[in-house]
Amino acid sequence: MLQKIIVSNRASAKFFELLEKENIKYIKSLNNEKFNKNYNDHPDLSIVKIDEDIYIENSVYDYYSEYLSGFNFKKVDVSNFKNGERVLNIAKNKKYFFHNEKFTTIEIFEKLRLNREYVKINQGYANCSMICFKNHIITSDEGVYKTLKAENIDVELVTNEGIILKGYKNGFIGGTCGFVSDDILLFYGDVTKYPDYDIIKRVADEENVKILYPKDETFIDLGGIISLWR
C-alpha cells in the first residue's frame, strides 16, 4: 500500500499527475526562508523522519504539523549552526545512518544511534548525496564512496553529470528521488535519461525495488522525497 510523502513544491505538472494516477498521497513542501533560495523548497533540508519521530525545522513547523497526525513532532532550531541546511539532511536505512555529529543536534544524533550504526562522513548534505537501499548505497559523492568502501558497505559511485539543480552546474543523486515505500523508488524526472541509469536499475532490481518516474521529464534535483511511512 502506498503511503503519504512530502515532495518539492517545484516539481513538474507531469510528476503530480503521476502521483494522482498511482494514488500516492502527498504534501507539497513549503519554502524555508532560512535557506538558499535556489533550493529552499527541498523537503530533506527542513524535515527528517526517524522511526516514530518527525524532526521539523522551526520556520516551517506550523505548516507541516498542521498536515500530519499520528507522529511525535520535534521542533528543531538550526540558528546555532554555521550551516543550518545540513542539520536535518541525514541519509539512513534500517542498519546505518550517514552524517557527521558536528552538523546536527545531540538529540537527533542520539536518536539515530538507538537503532542504527553511525558512519561518519564529511559531506554535510548526506541525504542529497545518497540513495539508501536496504543492502546497497548509491552515491554521487566520491568522498562518501571512499568512506563507505573502507567500511565494507556495498556502495556504487555514480556521476553528478546530467542532474539539473537550479543555480548550479550539477545536482546530487539523492535529491532526485525518494522511497515511497520499501519497494518503490520515485524520481522527479525521467531517470532513464541519466547517464548512470544502468547502475540504478541494476541495484533496484537486486533489491526488488520498482522505479517510478514521469516519462520525458527533466532529470532534476528537487531535494530528497520524504516518506512518512518508511
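Computed over heavy atoms, backbone and side chain alike; hydrogens, waters and symmetry mates excluded. Note that the coordinates shown come from a computational prediction; the quantities given were computed from them, not determined experimentally.
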Handout entry: For Leu228 against Phe71, the heavy-atom pair lying closest together
Key = O-CZ, 3.2 Å
Practice task
Give the ring-plane orientation class for Phe103 versus His99, where under 30° counts as parallel, over 60° as perpendicular and anything between as tilted.
Solution key: perpendicular
Exercise for the section: Indicate yes or no for a side-chain donor-acceptor contact from Asp41 to the backbone of Pro43 under 3.5 Å, with no hydrogens or angles considered. Expected result: no
Exercise for the section: Indicate yes or no: does Lys49 engage Asp44 in a salt bridge with an N to O separation below 4.0 Å. Expected result: no
Problem - Modelled atom types, side-chain donor and acceptor of Asn58 and Lys34, under 3.5 Å - result: yes
Fill in the blank from the handout: Which of Thr105, Val48, Ile56 passes side chain to side chain contact (heavy atoms under 4.5 Å, CB included) with Val76? It is Thr105
Handout entry: Lys/Arg-Asp/Glu bridge criterion (N-O < 4.0 Å) met for Glu52, Lys111
Key = yes
Handout entry: Parallel, tilted or perpendicular: ring planes of Phe97 versus Phe109, cut at 30 and 60 degrees
Key = perpendicular
Handout entry: Beyond-backbone contact of Lys149 with Val155, side-chain heavy atoms, under 4.5 angstrom
Key = yes
Exercise for the section: Indicate yes or no: does Asp196 engage Arg202 in a salt bridge with an N to O separation below 4.0 Å. Expected result: no
Practice task
Measure from the side-chain N and O atoms of Asn89 to the backbone N and O of Asn127, and report whether any donor-acceptor pair falls under 3.5 Å.
Solution key: yes
Problem - Main-chain N/O of Arg116 paired with Lys95 side-chain donor or acceptor, under 3.5 Å - result: no
Exercise for the section: May I ask you to decide if the ring planes of Tyr39 and Tyr125 are parallel, tilted or perpendicular, using 30° and 60° as cut-offs? Expected result: perpendicular
Exercise for the section: Could you tell me how the ring of Phe133 sits relative to the ring of His136: parallel (under 30°), tilted (30 to 60°) or perpendicular (over 60°)? Expected result: perpendicular
Practice task
Give a yes or no answer on whether the side chain of Tyr118 reaches the backbone of Glu101 with a donor-acceptor pair at less than 3.5 Å.
Solution key: yes
Problem - Contacts of Ser29 that satisfy side chain to side chain donor-acceptor pair (under 3.5 Å) - sequence neighbours left out - result: Asn9
